[in-house]
Amino acid sequence: MTSPYAIQIEQTGGVEVLQKVEREPRVPGPGEALVRQTAIGLNFIDTYHRTGLYPVKLPFTPGSEGAGIVEAVGEGVETLKPGDRVGYLGAGAYTSHYTGRAAMMVKLPDGISEETAAAVMLKGLTAWMLLFEVRRASPGETALVWAPVGGVGSLLVPWATSLGVKVIAATSSEDKAARARELGAAETVLTNGNVAEAVRELTGGKGVDVSYDSVGKASAEASLNSLKPRGWWISYGNASGAAEPIAPVILGAKGSLVLTRPSLFSFIPTPQDLERGAAALFGALRAGTLKPHIGQRFALSDVGQAHTAIESGKTVGATLLIP
Ligand code: NDP
């Protein structure tokens, strides 16, 4: 058996700053649990921490979600016990053993594997936040979904479709467009063309009710120009870099648009909110509305290769790191 270890960065930069270090797991304090990890979900935000786009205090262990078996619990933890299978959200997940807040861990129901949990917790809860919490998606409306076959996108497209939303998927290749249609997208547009023009054509000139935009810098203008009056630009990611600032007057001139930049953690401030989101997510998985798609697996010690893969824009579905 290998000794407990973590991936650490001592300075921000390229993938070479991700270093493996031996590290004994921390004994859980009050309200904490120690998890022996079996799978860790890779998220784009991990690359922002590595590069410094989102500043962190160094040295830093990246990673935002994982799953495994509880080994020990700290004082006052009544919801979990050793042997329970859990998925969790929390900082510092790139470790063989994770100690963190029990309040951010959920017990996995039968039928939800640890790999599935690591693949969908953060990304699926983001899709839940976008469809139910930021604003409620309604049957009959039309949505533009960017990066539709990525980690979040491959959950967002089928979930939106199941709610009666007509999805127009904007993606970079014909292969990905075909996959987006398999996931339920009614229409696809390629991002190497004029997306807003294509969206206008597909909507009889009207535009869409909402743009779920995870691409950021490269998609901002097209998102804005694809909306109906009073449409929503939900800018929730920066896969191509952070979008430029925009003057409120522009939102007015384009028809009283709404711009919001949601962050999942504002929508799950309490364990009850997390439970509510997880129940919706696990329910959608069990109903078959969502099918987890693990497109890539890497050993945790090869995490640099995993970052290169997701940053290349070529991955599909979720990427897992296996300790
Ligand atoms: P993805 O699997 O979606 O990967 C990113 C995708 O973005 C690519 O596959 C590609 O899809 C598209 N893309 C467009 N331009 C670029 C570019 N220049 N470089 C790389 N990719 C590009 O990642 P995730 O599902 O992990 O995350 C998606 C986004 O959602 C991220 O920006 C992430 O930070 C954000 N997010 C936000 C959360 C929140 O709380 N606000 C929570 C979770 C995620 P295509 O080829 O189809 O264009």
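Numbering of ligands and ligand atoms starts at 1, following listing order.
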Can you name the closest pair of heavy atoms from [X] and [Y] and give their distance?
{"X": "S235", "Y": "L259", "answer": "CB-CD1, 4.2 Å"}
{"X": "L80", "Y": "V73", "answer": "O-CG1, 3.7 Å"}
{"X": "A119", "Y": "I294", "answer": "CB-CG1, 3.9 Å"}
{"X": "M104", "Y": "I268", "answer": "CE-CD1, 4.0 Å"}
{"X": "P25", "Y": "H97", "answer": "CB-CB, 3.6 Å"}
{"X": "Q37", "Y": "G66", "answer": "OE1-CA, 3.8 Å"}

Contact between ligand 1 and [X] is defined here as a heavy atom of the residue under 4.0 Å from a ligand atom; is it met?
{"X": "R261", "value": "yes"}
{"X": "T191", "value": "no"}
{"X": "P262", "value": "yes"}
{"X": "W146", "value": "no"}

Can you see whether [X] engages [Y] through a side-chain donor-acceptor pair at a distance of less than 3.5 angstrom?
{"X": "T12", "Y": "R50", "answer": "no"}
{"X": "S113", "Y": "T116", "answer": "yes"}
{"X": "K123", "Y": "N43", "answer": "yes"}

*Side chains of T79 and M105: closer than 4.5 Å at any heavy-atom pair?*
no
Who's the nearest protein heavy-atom neighbour of [atom], and how far?
{"atom": "atom 42 (C) of ligand 1", "result": "T126 OG1, 3.1 Å"}
{"atom": "atom 32 (O) of ligand 1", "result": "Y48 OH, 2.8 Å"}
{"atom": "atom 8 (C) of ligand 1", "result": "G313 CA, 3.8 Å"}
{"atom": "atom 46 (O) of ligand 1", "result": "S172 OG, 2.5 Å"}
{"atom": "atom 27 (O) of ligand 1", "result": "F44 CB, 3.8 Å"}

Under 3.5 Å between some N or O of ligand 1 and some N or O of [X]?
{"X": "G151", "result": "yes"}
{"X": "L122", "result": "no"}
{"X": "S312", "result": "no"}
{"X": "G317", "result": "no"}
{"X": "N238", "result": "yes"}
{"X": "S263", "result": "no"}

Which ligand 1 atoms are under 4.0 Å away from a heavy-atom of [X]?
{"X": "G150", "value": "1 (P), 2 (O), 3 (O)"}
{"X": "G237", "value": "32 (O), 35 (C)"}
{"X": "T171", "value": "45 (P), 46 (O), 47 (O)"}
{"X": "S214", "value": "29 (C), 30 (O), 32 (O)"}
{"X": "A147", "value": "3 (O), 6 (C), 7 (O), 11 (O), 12 (C), 47 (O)"}

_Whether Y88 and Y98 hold their rings parallel, tilted or perpendicular, with breakpoints at 30° and 60°_ = parallel
*Can V210 be reached from W146 by stepping across I, L, V, M, F, W or Y side chains whose heavy atoms are under 4.5 Å apart?*
no
Best match, [options]: closest heavy atom to [atom]:
{"atom": "atom 7 (O) of ligand 1", "options": "G41, G295, S173, A239", "result": "A239"}
{"atom": "atom 24 (P) of ligand 1", "options": "V152, L264, T315, V215", "result": "V152"}
{"atom": "atom 10 (C) of ligand 1", "options": "E311, E65, K123, K176", "result": "K176"}
{"atom": "atom 38 (C) of ligand 1", "options": "Y236, F265, Y212", "result": "Y236"}

*Begin with the C-alpha distance, continue with both residues' side-chain angles, and end with the deciding distance and a verdict on side chain to side chain contact (heavy atoms under 4.5 Å, CB included) for V258 and L251.*
CA-CA 7 Å; V258 179; L251 301 176; over 6 Å; no
*asked:* Check this for me, if you would: do R36 and E114 make a salt bridge, where the nitrogen-to-carboxylate-oxygen distance has to be below 4.0 angstrom?
replied: no
